[in-house]
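Notes follow once the structure below has been shown.
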There are 2 protein chains.
Amino acid sequence: MYANYCNYAYSLTTSHWYGLTMNAASPKRGRPAVVSVGEIVEAAVELIDRDGVDALTMRSLAASIGIGPMTLYRHLADKDTLLAMLPDALLASVCDEVLRKRSGLLALRTIATGLMNVLQTHPGIATLFEDPEQGPNMKAAASHVINLLIGEGMRSSEAEVALRAVVAQVIGENVTRHGKPQFAGVVLLLDGIRLRLEAN
Amino acid sequence: MYANYCNYAYSLTTSHWYGLTMNAASPKRGRPAVVSVGEIVEAAVELIDRDGVDALTMRSLAASIGIGPMTLYRHLADKDTLLAMLPDALLASVCDEVLRKRSGLLALRTIATGLMNVLQTHPGIATLFEDPEQGPNMKAAASHVINLLIGEGMRSSEAEVALRAVVAQVIGENVTRHGKPQFAGVVLLLDGIRLRLEAN
DNA sequence: ACCTGAACACCGTTCAAGT
DNA sequence: ACCTGAACACCGTTCAAGT
């Protein structure tokens with residue numbers, strides 16, 4: 001249906017480029033594509049940062065790249081699948097940092113501060129986590145954290161709850177805006193998680 | 001500008017009707033209004049429950065009430081101010097229940113379960129808490145909880161953090177949907193808050 | 001093989017007119 | 001005093017046509 005729908009180049013850092021071609025039997029035939037999905041994602045983030053998330057329009061996005069609006073649909077099924085790709089792309093460097101941690105609580109704290117930072121440097125982006133694509137960066141970081149917590153004595157279901165709670169805490173703090181988001185809620189939550197770890 | 005912009009009848013329960021008339025010097029003159037803001041809010045919730053939050057359109061909302069779309073603008077500044085009113089209306093009965101609690105932790109738990117329940121019976125509504133109007137119901141419940149926590153030894157800034165953290169946890173859990181939202185994160189958070197209370 | 005203009009079926013909202 | 005039809009400036013997306 002969409003020939004290179006899965007031909008996505010992921011993160012904004014140079015460390016995680018995933019170039020998957022759907023049909024490997026016919027590479028580089030015909031006219032080369034004028035944009036990649038990675039470039040579209042990058043342009044989308046730039047546009048959001050400059051003009052806000054409401055200004056991200058298929059038309060405005062295409063214009064910022066210098067292509068016709070309809071060309072976007074050669075690479076993307078629709079606008080929602082584009083929006084779903086942004087979280088994993090934005091979290092690439094945070095996920096890298098998480099992978100280097102050797103303590104579960106430290107990894108959780110790294111996720112919290114990193115996510116908080118991302119949500120604040122890209123205002124209005126918190127609601128994009130409504131239905132995020134669990135991309136390669138997020139998947140790797142998540143399983144790393146969960147393995148650390150299991151290694152420290154948690155059951156795997158408990159570990160999943162803890163990770164999920166930390167992410168929910170930060171997103172919730174950033175979705176509603178009564179003044180600046182606070183980190184204090186995360187601290188309370190981490191106290192509760194530490195309590196659970198020490199009980200084992 | 002908008003004569004009865006502040007003429008809002010709030011909650012969906014009959015227990016909290018706030019009928020404020022802006023200009024009390026000229027009551028009941030001319031043709032009576034065909035709808036109240038309270039009825040509009042109620043119709044909006046019904047429409048969201050039936051067809052989802054994306055189906056809430058100024059045109060569809062007006063049609064469901066049986067008035068012209070433009071009549072809505074006699075009572076509402078715009079769509080965003082309508083959306084901002086929904087949280088307080090939906091939380092009316094939860095706030096009532098919170099006011100009856102005599103323990104800070106119990107009140108926090110009541111908020112968590114009540115909010116979780118509301119967000120699940122009205123799917124897709126979590127993001128409406130992005131910029132909610134702090135209506136009468138929410139204000140009353142919030143100050144009650146904070147007073148309870150202060151009475152139990154917390155500083156007022158700590159109490160605000162605790163309340164805010166609980167709300168953020170539930171909203172965050174419901175904004176992103178990896179399967180059904182869990183209550184376990186709230187439990188961890190409440191553990192952290194209990195720890196803080198016992199330290200005093 | 002890849003791109004895109006014209007067109008469709010929608011939005012929220014303004015404004016001048018109706019009763 | 002209250003309501004509203006027509007109209008404006010947008011959307012996301014389809015589809016048939018261009019190169």
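Values below: all heavy atoms of this structure, side chains included; hydrogens, waters and symmetry mates excluded. The chains referred to below are lettered A, B, ... by the order of the sequence lines, with proteins before strands, and numbering in each begins at 1.
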Subject >> Close side-chain approach of A/Val45 and A/His122, heavy atoms under 4.5 Å >> reply: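 Side chain of A/Val45 against side chain of A/His122, heavy atoms only: contact under 4.5 Å found.
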Please state how far atom [atom1] in [X] lies from atom [atom2] in [N], giving the value in whole angstrom units.
{"X": "B/His75", "N": "D/dC3", "atom1": "NE2", "atom2": "P", "result": "5 Å"}
{"X": "B/Asp51", "N": "C/dC10", "atom1": "CG", "atom2": "P", "result": "14 Å"}
{"X": "B/Leu82", "N": "C/dT13", "atom1": "CG", "atom2": "P", "result": "10 Å"}

Original post:
Can a donor-acceptor pair be found between the side chains of A/Arg155 and A/Ser157 at a distance below 3.5 Å?
Top reply: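 Yes.
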Out of [options], whichever nucleotide has its closest atom nearest the side chain of [X]:
{"X": "A/Asp78", "options": "C/dT4, C/dT13, D/dT13", "result": "D/dT13"}
{"X": "A/Lys79", "options": "D/dT13, C/dC3, C/dC11", "result": "D/dT13"}
{"X": "B/Met70", "options": "D/dC3, D/dG5, D/dG12", "result": "D/dG5"}
{"X": "A/Thr71", "options": "C/dT14, C/dC3, D/dT13", "result": "C/dC3"}

Original post:
Pick one: which of A/Val170, A/Val186, A/Leu163 meets side chain to side chain contact (heavy atoms under 4.5 Å, CB included) with A/Ile111?
Top reply: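 Of the listed residues A/Val170, A/Val186, A/Leu163, the side chain to side chain contact (heavy atoms under 4.5 Å, CB included) partner of A/Ile111 is A/Leu163.
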Original post:
Does any N or O in the side chain of B/Lys101 come within less than 3.5 Å of the main-chain N or O of B/Arg109, such that one atom is a donor and the other an acceptor?
Top reply: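 Judged by distance alone, no pair lies under 3.5 Å.
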**OP:** Would you indicate what B/Met58 reaches in the nucleic acid, counting non-hydrogen atoms under 4.0 angstrom: base, sugar-phosphate, or nothing?
**Re:**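 Result for B/Met58 = sugar-phosphate.
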Subject >> CG on A/Leu86 to CD on A/Glu42, rounded to 0.5 Å >> reply: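 Between A/Glu42 CD and A/Leu86 CG, I get 12.0 Å after rounding to 0.5 Å.
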**OP:** Convert the base pairs of DNA chain D into dot-bracket notation, remembering that pairs crossing earlier ones are written with [ ] and that bases paired across to another strand are shown as |; include only Watson-Crick or G-U pairs under 3.5 Å.
**Re:** ||.|||||...|||||.||
**OP:** Quick one: closest heavy-atom pair of B/Thr110 and B/Val94, and the distance?
**Re:**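 In this case the closest contact between B/Thr110 and B/Val94 is O-CG1, 4.2 Å.
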